[in-house]
Amino acid sequence: MSAEQRKIGVLAVCLGNICRSPLAEAVIAKTVAEHGLSDKIHVDSAGTAGYHIGARPDPRTVSTCEKYRVPINHRARQLKEKDFIEFDYILVMDEDNLYDARRIAPKNGKAKLELFGSYGNQGIVEDPYYGGIDGFEKAYKQVSISAGELVKHIKKTHGL
Ligand code: 4NP
């Protein structure tokens, strides 16, 4: 088993894995680093759809990360059955993602499948793809609050 697999695994999931979930991944990873937990918590992201496999994050996600000095480096990939075995938390952005993720989940999956916005009462993180930069700004604010609450929850639950 690799060192990465022994870490607590957090996987952010949206539809295309180019807008919201890479943003969430980057913000969670930064929050984890700020808590000095990068050697304990592994963060990744994936999409329920395969439209953009191999693509870099949307330029608006990248510019939002640059604005808030959040390092981002991801290539889009699709959510797969194995993720439900390897990750502890699979955190989706909206109800469609939840429905689609449930269809991918194997029976023996161990991951907790939840709406990411349930951490910190942020509700649904809406798809900003067809809108303007303001949608990315809104998503950034939501995922920042949720990331803080998630890390607090993980610290408490796993005794870190
Ligand atoms: P995301 O946004 O799910 O936040 O990455 C989208 C990206 C691409 C598409 C839809 C949503 N698309 O239809 O290609």
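Quick note: numbers below take in every heavy atom, side chains included, and nothing from hydrogens, waters or symmetry partners. Sequence positions, counted from 1, serve as the residue numbers for this chain. Counting starts at 1 for both ligands and their atoms, in listed order.
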Would you check whether [X] has a nitrogen or oxygen atom less than 3.5 angstrom from a nitrogen or oxygen atom of ligand 1?
X   : result
R20 : yes
C14 : no
C19 : yes
S21 : no

Going through the checks in order, is the side chain to side chain contact (heavy atoms under 4.5 Å, CB included) test met by R77 and D44? CA-CA 10 Å; R77 72 170 182 89; D44 191 8; 3.1 Å; yes
Minimum-distance protein heavy atom relative to [atom]:
atom                    : answer
atom 13 (O) of ligand 1 : Y130 OH, 3.3 Å
atom 11 (C) of ligand 1 : D127 OD2, 3.1 Å
atom 12 (N) of ligand 1 : Y129 CE2, 3.6 Å

Hey, what do you get for SG (C14) to CG (L79), rounding to the nearest 0.5 Å?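 Reported value, rounded in 0.5 Å steps: 10.5 Å.
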CG/N108: more than 12 non-hydrogen atoms of other groups inside 6.0 Å: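 Above 12, so yes.
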Take atom CD of Q78 as the centre, draw a 6.0 Å sphere, and report whether it contains more than 12 heavy atoms from other residues, nucleotides or ligands.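 Above 12, so yes.
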Parallel, tilted or perpendicular, as decided by the 30° and 60° cut-offs, for the rings of H158 and Y89: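 Perpendicular.
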Considering only heavy atoms of [X], which atoms of ligand 1 have at least one such atom less than 4.0 Å away?
X   : value
L15 : 3 (O), 10 (C), 11 (C)
Y51 : 12 (N), 13 (O), 14 (O)
G16 : 1 (P), 3 (O), 5 (O)

Assess whether a salt bridge exists between K112 and D88, defined as any Lys/Arg side-chain N lying under 4.0 Å from an Asp/Glu carboxylate O.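 So K112 does not pair with D88 through a salt bridge.
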So, 4.0 Å and heavy atoms of H52: is ligand 1 close enough to count as a contact?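 Under 4.0 Å: yes for H52.
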For ligand 1, does D58 get within less than 4.0 Å through its side chain, its backbone, both, or neither, judged by non-hydrogen atoms?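 Answer for D58: neither.
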Between I18 and ligand 1, find which residue part has any heavy-atom pair under 4.0 Å and reply side chain, backbone, both or neither.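 Near ligand 1, I18 shows its backbone as well as its side chain.
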Any heavy-atom pair between the side chains of Y129 and R20 that's under 4.5 Å?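 No; the side chains remain at least 4.5 Å from each other.
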Do Y99 and D96 come within less than 4.5 Å of each other through their side chains, counting heavy atoms only?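 No, side chains not in contact.
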Among I72, I18, V70, exactly one meets side-chain contact (heavy atoms from CB on, under 4.5 Å) together with T61. Which residue is that?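 Only match with T61 under side-chain contact (heavy atoms from CB on, under 4.5 Å): I72.
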